[in-house]
Every structure is written in structure tokens, then in C-alpha cells.
Amino acid sequence: MSAATHPAVVVGIDLGGTKVRAALADTRGRLLHRLTEPTRPGIALIAQLTDIVTRLSALAPDAPVVGTAIGGAGVPLPDGSGFTQAPNLGELGEVSLVAELRHRLGHPVVIENDVNIAALGELHAGAGRESESFAFVSVGTGIGVGLVLAGSIWPGVSGAAGEVGYLPFGSDPLDPRNQRRGALEEVVAGNVLAQRLPQPAGEPPLTAREVFAAAEAGDPLAIRALDTQARWLAHTLLAIDAVVDPGLYILGGGIGSRPELLAPLDRWLARLGRPGLRVRSSELGDDAPLHGAVHLALAAAITPSSLPRESEAS
């Protein structure tokens with residue numbers, strides 16, 4: 001589809017600690033072009049993000065970029081100027097990420113937590129299209145939840161809603177070693193899943209992907225590792241359900257979106273007395289944050305009421 005057929009475009013960015021993924025999209029939310037590259041830490045990040053938007057905009061020379069949205073692994077500051085609790089993104093000093101990008105790019109720039117962004121993606125283009133309320137549970141490097149209530153993200157008063165890694169179960173919450181990233185996260189994080197299959201001395205640790213492959217091949221230790229993962233994920237869903245009762249859970253992230261988790265998760269939910277809990281895997285996978293960021297950019301550049309959902313655009 002020619003870029004000239006679209007009056008404007010936006011950029012959505014998934015900003016991770018190790019890589020940046022970005023997409024150029026039209027005003028219907030359709031992803032036109034993408035790029036991925038390693039994340040530059042600290043102050044160099046501003047120049048990198050500026051360059052990414054500039055390179056993507058060059059792919060649609062007849063359609064101006066009217067907004068950019070960034071989902072990052074941190075808590076947005078109350079004034080929306082940048083992220084806090086985002087050690088993987090490095091230090092920006094006194095520089096406002098958003099203000100500097102707005103100055104350089106000349107259009108609205110907005111930010112949001114990466115899991116909330118992914119939840120927005122599922123709401124408008126994925127497994128949440130037909131649900132006004134749900135919890136998007138992302139399990140990968142860590143664990144986080146994006147709460148969609150009555151069609152809108154609920155960020156919490158301080159922007160930190162959904163930081164379920166700090167739930168006080170899974171490991172000892174009183175042990176200071178478990179307080180940096182949270183008692184629950186210490187048993188569901190990707191590196192912990194990999195460590196459940198010990199390797200011979202001198203061998204590199206397995207990846208989470210390799211654990212899933214070993215389980216598929218029938219390795220009893222790998223199967224047990226996934227069962228343990230499902231056990232604590234089931235506890236997490238029930239804790240959320242007891243407080244929020246969102247009606248639907250969408251599992252995402254590099255680990256959470258794996259369909260192999262659904263069967264052991266269902267068994268644990270049944271053992272815990274909740275066999276009927278509605279749980280689905282993400283439909284968008286890695287693209288959920290991009291779709292969510294695109295929607296947020298469109299909302300900042302135009303108006304939320306004018307934005308079609310993906311099902312209307314197709």
C-alpha cells in the first residue's frame with residue numbers, strides 16, 4: 001500500500017533494555033514498516049530514538065509523522081516526562097526524554113509502561129477486542145500486568161499498578177535478596193525458569209526457549225520446570241482475580257504467550273478451586289506493544305474517539 005494514500009502516519013516504539021522495536025503506521029493503525037536495533041543506554045538514547053523516527057518517516061515521504069508513542073520498562077513520571085524505576089534504560093540525568101524528543105521531532109510524544117502498552121495492543125487489535133475489561137499478564141524477563149477496565153488502562157494513582165512481581169509469595173518476601181525485583185518475580189522470571197534445568201559444570205545455562213523445547217521432547221525435568229512456572233502463574237491470576245475480577249486473562253511475553261503453559265496452568269487453577277477462569281494466549285505476541293504504542297500515538301495526535309479498532313480497519 002502506498003504511503004501517499006495516507007494523509008498522516010505515526011510511530012510506535014517498544015523500548016526495551018536490550019533492543020528497540022519500532023513501527024510506522026497509518027491512521028487506521030496498520031503497521032507499514034518496522035525496524036529493530038540494540039538499545040543505546042543513557043543520554044545516547046535520545047539521539048537514537050530521534051534517528052529511528054526520522055528513518056521511518058523517510059519511508060513515507062508524502063505523509064507527515066503526527067505523533068510518536070513509546071512503551072518502556074519503567075513507571076512513567078507523574079508529569080509524563082520520562083520513566084522512573086527503569087534501570088535497564090540507563091540514566092538520562094536532568095534531561096526530559098519527552099520534552100527533548102518533542103523539540104527534536106516537532107510533534108506530540110507520549111510514553112507509557114511497556115506492559116500497559118501491550119495491553120492496549122490486545123484491546124484494539126488482539127485477544128481483547130471483544131472485552132471491555134481484562135488483565136494482560138506479561139511473563140518474560142520479569143512479570144507485569146496491564147489492567148484494562150471498562151475499555152481503558154488503569155495505571156494506578158502513581159502509575160505503578162500491575163507490578164505483581166512484588167506480590168509476597170513464591171519466595172521469601174522478608175529475604176532482602178528477594179526484594180530487589182520481588183518475591184514472585186524471583187520464581188517466574190525467565191532466567192529462573194532456565195535455571196530449573198541444571199547444566200553440567202562449564203556448560204552455558206539453558207534459555208527459556210530451550211526449556212520449552214526440552215519439555216516438548218519429553219524431558220521430565222523440563223516438564224516439571226514448566227509445571228512450577230504454571231503453579232506460580234496460577235497463584236498470580238487468583239490474587240489478581242480476588243481484587244480486580246477482570247473477567248479475562250490474556251497471557252503475553254516471551255514465556256507467558258507460549259501455548260504449552262495453558263494445560264499445566266489449567267490443572268493448577270483446578271487444584272486451587274478455580275477451573276473456570278477465562279485465560280487466553282496473546283494473539284499479537286511480540287507485536288502487542290507496537291500496536292498499543294501506535295494506538296497511543298494516534299490518540300495523542302488526533303482524538304481517541306476518532307480511532308478505529310483493527311477489526312473496523314480490516
Side-chain angles (χ1 to χ4, degrees), residues 1-16 19-37 39 48-73 76 80 83 97-98 101-102 105-129 134 136 138 146 148 151-153 155 250 252-253 257 282-314:
M1 184 175 294
S2 167
T5 63
H6 305 291
V9 290
V10 296
V11 174
I13 298 176
D14 177 21
L15 176 58
K19 66 181 177 181
V20 182
R21 300 173 64 244
L24 187 76
D26 63 19
T27 53
R28 303 290 289 182
R30 291 171 289 203
L31 306 188
L32 305 174
H33 302 284
R34 311 163 188 251
L35 63 80
T36 302
E37 62 185 43
T39 305
Q48 179 183 22
L49 295 177
T50 303
D51 179 62
I52 285 173
V53 176
T54 301
R55 280 186 284 146
L56 284 172
S57 67
L59 299 173
D62 299 319
V65 177
V66 294
T68 293
I70 302 167
F83 295 101
L97 174 65
V98 170
L101 287 173
R102 283 176 179 166
L105 297 172
H107 61 244
V109 177
V110 291
I111 63 171
E112 182 53 90
N113 171 264
D114 57 346
V115 180
N116 286 347
I117 283 277
L120 274 178
E122 293 291 344
L123 173 65
H124 292 282
R129 286 192 306 274
F134 62 86
F136 177 81
S138 177
V148 175
S152 299
I153 289 290
I250 300 173
S257 60
S282 165
E283 288 186 5
L284 299 176
D286 289 344
D287 280 348
L290 292 178
H291 280 280
V294 162
H295 181 82
L296 195 63
L298 287 168
I302 311 174
T303 60
S305 61
S306 68
L307 303 178
R309 288 196 177 189
E310 188 76 8
S311 57
E312 299 167 354
S314 54

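Side chains included, hydrogens not; waters and symmetry mates left out as well; all remaining heavy atoms used.
Across every non-hydrogen atom of Ala60 and Leu24, the tightest pair is CB-CD2, 3.8 Å. Residues Pro7 and Pro64 share a closest heavy-atom pair of O-CD, 3.4 Å. Heavy atoms only, all atoms of each residue included: Ala297 and Ala69 are closest at N-CB, 3.5 Å. Heavy-atom minimum distance, Gly252 versus Phe136: CA-CZ, 3.7 Å. Heavy atoms only, all atoms of each residue included: Gly253 and Ser138 are closest at CA-OG, 3.8 Å. Across every non-hydrogen atom of Ala300 and Val110, the tightest pair is CB-CG1, 3.8 Å.
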- Query: So Leu49 and Leu97, side-chain contact (heavy atoms from CB on, under 4.5 Å) or not? Walk me through it.
  - Reply: CA-CA 10 Å; Leu49 295 177; Leu97 174 65; 4.1 Å; yes
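The shortest distance between side-chain heavy atoms of Leu123 and Phe134 falls below 4.5 Å. Contact annotation: the side chain of His107 never approaches that of Val66 to less than 4.5 Å [non-hydrogen atoms, C-beta and beyond].
Under the side-chain hydrogen bond (donor to acceptor under 3.5 Å, both in side chains) criterion, Asp14 pairs with no residue, sequence neighbours left out. Residues satisfying the side-chain hydrogen bond (donor to acceptor under 3.5 Å, both in side chains) test with Ser282, not counting sequence neighbours, are Glu122. Thr50 is linked by a side chain to side chain contact (heavy atoms under 4.5 Å, CB included) to Ile46, Thr54, Leu101, Arg104, Leu105, counting only residues two or more places apart in sequence or in another chain. By the side-chain hydrogen bond (donor to acceptor under 3.5 Å, both in side chains) test, Arg55 pairs with Glu37, Asp51, sequence neighbours left out. Evaluation of the side chain to side chain contact (heavy atoms under 4.5 Å, CB included) rule for Ala25 yields Val10, Leu31, Val294 as partners, not counting sequence neighbours.
At least one donor-acceptor pair under 3.5 Å links the side chain of Thr39 to the backbone N or O of Gly16. Judged by distance alone, the side chain of Arg21 and the main-chain N or O of Pro289 form no donor-acceptor pair under 3.5 Å.
Among Leu32, Val11, Val65, Val9, the one residue that satisfies the side chain to side chain contact (heavy atoms under 4.5 Å, CB included) test with Leu56 is Val11.
Interatomic distance, CG of Leu59 versus CZ of Arg34, reported as 13.5 Å (0.5 Å rounding). The CD1 atom of Ile13 sits 8.5 Å away from atom CG of Leu35, with the distance rounded to the nearest 0.5 Å. To the nearest 0.5 Å, atom CD1 of residue Ile52 and atom OG of residue Ser57 are 12.0 Å apart. Leu298 CG to Asp26 CG: the interatomic distance, rounded to the nearest 0.5 Å, is 8.0 Å. To the nearest 0.5 Å, atom NZ of residue Lys19 and atom OG1 of residue Thr36 are 6.5 Å apart. Note that CD1 of Ile117 is 9.5 Å distant from NE2 of His295, once rounded to the nearest 0.5 Å.
Residue pairs satisfying the salt bridge (Lys or Arg N to Asp or Glu O under 4.0 Å) criterion with at least one member in residues 107-116, sequence neighbours excluded, are absent.
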